[in-house]
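So the structure is just underneath, and the comments pick up after that.
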Amino acid sequence: MKKAFTSKRFKYGTVSTLISVIFLAAVIIVNVLASVLVDKFPMNIDLTQNHAFELSEASANFVKEIEKPITITVLANEKQLESGGDIYSSQVKNVIDQYAKYNKNITIKYVDIVSDPTFAASYPDLTLNYNDIVVDCGGKTRKISMYDMFNINYNQYTGQQTIQSSKAEQMMTSAIMGVTSDALVRVSILTGHDETELPALQELLEQNNFEVVTQNLSTEDVDPTADVAFLLAPGRDPDAEMLDKLDKWLENNQEYGKSLIYAADAQKPVETPNLDAFLADWGIGAGMGAVLETDQNKVFNYNPFFCTVEYVADEYQDDITGGVKVSMPFGRPLEALYETQSGRKVTTLLQYSESACVRPVDAAEDWQPAQGDLGAVPALLRSTYTRYEGNEPLSSNVFAFSAVSAFESVVLNSKSVANAEYAMNMLNTLTERSDVITVAPKELGGSELGINQLQANIISAVLVYVIPILIIVAGLVIWLRRRHK
């Protein structure tokens with residue numbers, strides 16, 4: 001026995017076993033530590049081109065500063081959400097999980113309400129469904145559906161819906177800002193005169209933590225706590241009493257500080273003499289007819305009425321990069337009736353190009369613009385009234401957009417134009433909001449080219465005609481050379 005324990009074979013075997021045990025223990029310890037670190041800190045490497053599975057620097061910096069306890073509850077089975085074979089749900093889960101890794105005050109829970117239906121009783125004011133996300137901070141809640149996490153493209157001809165891009169980070173960061181913020185800026189959307197309904201605009205405002213209220217101008221005064229009001233292409237003319245409500249709201253007991261945003265619509269060719277007189281007092285004229293663009297470099301989908309406009313003033317262009325322009329589809333021509341008058345100053349912020357023209361309402365079907373019809377017309381005007389209290393200026397504004405279609409879903413969600421960014425920059429400036437974060441949607445599939453109609457025609461011609469012709473010519477040349485050798 002003693003000989004067996006003192007043999008070289010035993011010694012070498014013991015050392016080998018000991019090394020193996022130490023190695024296995026080290027591997028286990030490293031795996032345990034790695035699991036703990038991955039759960040506590042964002043250590044994944046996102047190799048996608050636009051970093052779709054991680055938070056932007058702006059969101060990460062915001063989350064790190066949160067001091068209030070927040071609970072994010074995902075009403076789904078965690079394993080099914082992650083391993084369902086769907087890149088979209090997987091991306092949403094990865095984004096949500098990132099928030100807890102940047103701040104210990106954020107807790108993320110997964111509750112399968114199919115197996116635990118009693119959870120919904122905790123939020124009696126919310127209608128909760130499978131895959132919904134609830135963000136809770138001290139009783140203030142925001143509910144987000146999985147559908148809200150994506151920009152959806154709807155084909156009106158086939159009825160097919162396709163996911164255009166993910167806005168999971170945008171929605172989550174906005175919800176967290178909403179439940180942690182002590183004050184929200186209120187926006188009033190005015191109704192009562194067949195105004196155009198724009199759910200995409202309301203969604204954009206709510207995503208950016210504006211509190212949106214809808215008011216009937218026929219029966220209510222404009223909310224005095226609202227900083228901004230929208231009057232979206234009314235189909236009937238407001239009477240003098242209604243417009244007097246707007247005047248009193250803009251005056252705000254001589255405190256001012258209000259902004260009215262009016263949007264016209266060439267597809268609603270109704271006469272509104274009362275509204276026109278109200279706008280004229282502010283130096284704004286809204287003509288009849290529809291602005292069309294003759295330069296294909298500035299139109300989309302072969303539609304001359306669906307065109308871009310030019311920046312005239314430098315204001316409200318923050319975070320708009322790459323020269324992306326704003327679109328004003330189906331717009332009416334605007335006119336600055338004066339530059340300054342009675343304390344009011346009218347400024348052109350956006351305008352149609354020199355190659356644009358106005359198609360009259362009563363134009364014949366074969367109407368074509370003459371050279372003399374071409375010329376730039378305003379697409380966005382701002383009239384500002386200012387009075388001074390000592391050295392302090394007090395101002396209210398009336399904005400006029402030539403096209404209410406500038407706030408349609410297809411335009412606000414498009415990466416080819418900067419309508420959403422421009423509108424939010426304008427509203428944030430007007431309401432003096434500095435604690436805002438802009439998060440761009442992230443594509444999970446193919447990228448949108450963002451080209452105009454002329455560029456699309458050129459690419460099409462090259463692919464359909466030029467390249468095939470070059471291949472045929474090259475083939476003939478090679479065949480002839482070989483034939484005569």
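Judged as a salt bridge (charged side-chain N to carboxylate O under 4.0 Å, His left out), and not counting sequence neighbours, Lys345 has no contacts.
A side-chain N or O of Glu169 and one of Ser56 form a donor-acceptor pair less than 3.5 Å apart. If you check the side chains of Tyr256 and Thr386, you find no donor sitting under 3.5 Å from an acceptor. Side chains of Asn301 and Asn303: no donor on one and acceptor on the other come within 3.5 Å. No hydrogens or angles considered: a donor-acceptor pair under 3.5 Å links the side chains of Asn397 and Thr384.
Contact of the Leu126 side chain with the Asp132 side chain is not registered, since no non-hydrogen atoms from C-beta on lie closer than 4.5 Å. Side-chain contact between Pro378 and Glu335 is absent, with no heavy-atom pair separated by less than 4.5 Å. At a threshold of 4.5 Å between non-hydrogen side-chain atoms, the residues Trp249 and Asp221 do not count as touching.
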| query | Do Tyr302 and Phe306 pass the ring-ring contact (aromatic ring centres under 6.0 Å, His included) test, and can you show the C-alpha distance, the side-chain angles, and the key distance before you say yes or no? | reply | CA-CA 8 Å; Tyr302 300 97; Phe306 200 133; over 10 Å; no

| task | Give the C-alpha distance, both sets of side-chain angles, the deciding distance and a yes or no for side-chain hydrogen bond (donor to acceptor under 3.5 Å, both in side chains) between Ser342 and Tyr385. | result | CA-CA 8 Å; Ser342 303; Tyr385 175 79; over 6 Å; no

| query | Can Asp97 and Lys93 be said to form a salt bridge (Lys or Arg N to Asp or Glu O under 4.0 Å), step by step? | reply | CA-CA 6 Å; Asp97 289 345; Lys93 182 185 183 303; 2.5 Å; yes

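For CD of Glu197, the number of neighbouring non-hydrogen atoms (other residues, nucleotides, ligands) closer than 6.0 Å is 12 at most. Heavy-atom contacts from other residues, nucleotides or ligands closer than 6.0 Å to CG of Asn253 number 12 or fewer. Atom CD of Gln254 sits in a crowded spot, with more than 12 heavy atoms from other residues, nucleotides or ligands closer than 6.0 Å. Annotation for Glu251: atom CD counts as buried by contact number, over 12 foreign heavy atoms lying within 6.0 Å. More than 12 heavy-atom neighbours from other residues, nucleotides or ligands sit within 6.0 angstrom of NZ on Lys68.
No donor-acceptor distance shorter than 3.5 angstrom exists from the side chain of Lys245 to the backbone of Val222, with no hydrogens or angles considered. Asp237 places a side-chain N or O within donor-acceptor distance of the main-chain N or O of Leu275, the cut-off being under 3.5 Å.
What you find for Ser166 and Phe150 is that their closest heavy atoms are CA-CD2, 3.9 Å. Annotation for Tyr316 and Met426: closest pair CD2-CA, 3.6 Å, computed over non-hydrogen atoms. Considering every non-hydrogen atom in both Asp223 and Gln215, the closest pair reads N-OE1, 3.0 Å.
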